[in-house]
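The structure displayed is predicted, hence computed values, not measured ones. Numbering starts at 1 and runs along the sequence shown. Note that ligands are numbered from 1 as they come in the structure, with each ligand's atoms numbered from 1 the same way.
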Amino acid sequence: MRIPLSAPDITDQEISAVTEVLRSPRLSLGPKTKEFEQAIADYVGARHAVAVNSGTSALHLCIRAIRIGEGDEVIVPSFAFIAVANVIRYERATPVFVDIDPATFNLDPSQIEAAITPRTKAIIVVHTFGCPADLAAILEIARRNSLFLIEDACEAIGAEYDGRRVGVLGDLGVFAFYPNKQITTGEGGVVVTQNARLAALIKSLRNHGRNDSGDCFEHVELGYNYRISEINCALGFEQMRRLDAILARREEIAEEYSRRLRGVPALKLPSLTLLRRKISWFVYVVTLSSEFSEAGRDWIVEEMKNRGIAVGRYFAPIHLQPVYRTTPHRAMNLTVTEHVSARVLALPFYNLIQSDQIEEVCQSLTGMIRERDDLLPRPRDEARLAPSRFTTPIP
Ligand SMILES: *Cc1c(COP(=O)(O)O)cnc(C)c1O
């Protein structure tokens, strides 16, 4: 792709920090991991941070730490990354999918209570695309029903709700550092919490269930190897030093997209500002208006690809994934999830994207939308479309 969906941004100083580790005697469980954890904890305002080898591992350890198991239910959005539901299934518990708020793509608080049963143990709220969920409402529901609240802040490092950084408002918070995230460690993740007991348990679980007695052959939990290397953490620590500058740059890119796409009637743009919230820009996702079918959206994705521009179908609903046909779960009413996921377009978004590239993306996209007669399903396509996905064109 000439203009990719995401691209890494690694400085020479970061490369030096990594090579320095490679010349040292400690490649895992050393000082860089502690430094990185401390930097994350200080930044988000957490008492404890435990770094692991991926965001998915971090989420899984949250589920293990609060002892979720067979027969338990956990409320999650379906408009999310699939790991959110998979980690619940790893422990044979049941994901219960709840619909989203069309304005923010986050869990809709008004639909959570109807999904709660005596088996419900937790809610995983996802701060989708870096926009904080309605935490006041969701926390209140969690507390009133004695549920754990896990914040999946994998896409939202640095985002704020009521002046507090997300990740520390629930019982446990998770960040991820895959190369498309705001900052990267190559692969990596971290759990943050104010709870010392949960932090100690997660530390033990990431390292084969060892306790901290110093005897590395005493295992007190059924643990994993979810450790992250010193090499990854050295990169993460350096990237953390640039985080504020990176977030400012990403906000600029979002503003530029909005400036260029404002006034295109067929597009709903993400809000740049929201009451009580500060967005940490992960991706810039536009939504086509309802007269577009899923086939029309997919045509745009293909056409953009033909021009060397990567555009993502972010997210495809989890409950419609082939693997979830046979994976136990419960689905509430997911009308908004299905409507939105058929119409979203994630545009190329990375620190180093240039103005002329943003301009090209916007021109290609608006050009295609202008020819929207061509975008709407043609007679031969119509038969393939599920009735719920086909809406009458607006003349
Ligand atoms: C990236 C991401 C994760 C974790 O991803 P890994 O690839 O395992 O690091 C989890 N949830 C969401 C919402 C994400 O975007």
Side-chain angles (χ1 to χ4, degrees), residues 5-8 36-37 40 44 49-64 74-90 95 97-98 100-101 104-107 122-133 135 138 149-159 166-167 170 172-192 202 205-206 224-229 232-233 235-236 239 250 270 279-285 312-319 321 323-324 337 340-341 344 346 349-350:
L5 202 52
S6 73
F36 180 50
E37 290 173 336
I40 297 278
V44 302
V50 184
V52 292
N53 59 356
S54 77
T56 304
S57 302
L59 281 170
H60 183 204
L61 294 189
C62 291
I63 294 291
R64 277 290 309 272
V74 180
I75 290 170
V76 287
S78 175
F79 188 75
F81 187 55
I82 194 162
V84 174
N86 286 353
V87 296
I88 299 164
R89 283 304 305 155
Y90 294 167
F97 296 117
V98 167
I100 51 167
D101 169 357
T104 63
F105 302 148
N106 290 318
L107 265 186
I123 301 171
I124 303 181
V125 61
V126 181
H127 302 305
T128 307
F129 307 145
C131 176
L135 280 171
I138 295 171
L149 182 65
I150 300 170
E151 286 180 72
D152 179 340
C154 288
E155 303 181 353
I157 191 163
V166 299
L172 293 154
V174 171
F175 298 97
F177 308 111
Y178 186 75
N180 70 336
K181 312 285 179 183
Q182 287 90 329
I183 60 163
T184 187
T185 56
E187 292 281 2
V190 66
V191 181
V192 295
I202 287 168
L205 288 169
R206 86 169 159 187
Y224 310 88
N225 177 359
Y226 281 174
R227 294 181 309 250
I228 183 170
S229 83
N232 302 89
C233 289
L235 176 56
Q239 291 245 305
R250 295 175 84 92
I279 300 165
S280 164
W281 287 91
F282 169 56
V283 281
Y284 190 88
V285 175
R313 289 165 239 238
Y314 251 115
F315 289 106
I318 300 171
H319 72 284
Q321 294 305 307
V323 61
Y324 272 81
T337 297
V340 162
S341 60
V344 280
F349 200 87
Y350 43 93

Q. Does the gap between the ring centers of Phe81 and Tyr178 come in under 6.0 Å?
A. no
**Q.** Which residues share a side chain to side chain donor-acceptor pair (under 3.5 Å) with Ser280, sequence neighbours left out
**A.** Gln182
(Q) Once side chain to side chain donor-acceptor pair (under 3.5 Å) is applied, do any residues pair with Ser229, and if so which ones, sequence neighbours excluded? (A) Asn232
Q) Stepwise, does the side-chain contact (heavy atoms from CB on, under 4.5 Å) test hold for Tyr324 with Asn86? A) CA-CA 10 Å; Tyr324 272 81; Asn86 286 353; 2.8 Å; yes
List, for ligand 1, each N/O atom that has a protein N/O partner under 3.5 Å away, with both atom names and the distance.
from, atom 1, to, atom 2, distance (Å)
ligand 1, 8 (O), Gly55, N, 3.4
ligand 1, 8 (O), Thr56, N, 2.8
ligand 1, 8 (O), Thr56, OG1, 2.5
ligand 1, 9 (O), Gly55, N, 2.8
ligand 1, 11 (N), Asp152, OD1, 3.4
ligand 1, 11 (N), Asp152, OD2, 2.7
ligand 1, 15 (O), Glu155, OE2, 2.6
ligand 1, 15 (O), Lys181, NZ, 2.7

Q) Considering the options Leu61, Val191, Val52, Val50, which one meets the side chain to side chain contact (heavy atoms under 4.5 Å, CB included) requirement together with Leu205? A) Leu61
Q. Quick one: ring-ring contact (aromatic ring centres under 6.0 Å, His included) partners of Tyr90, sequence neighbours excluded?
A. His60
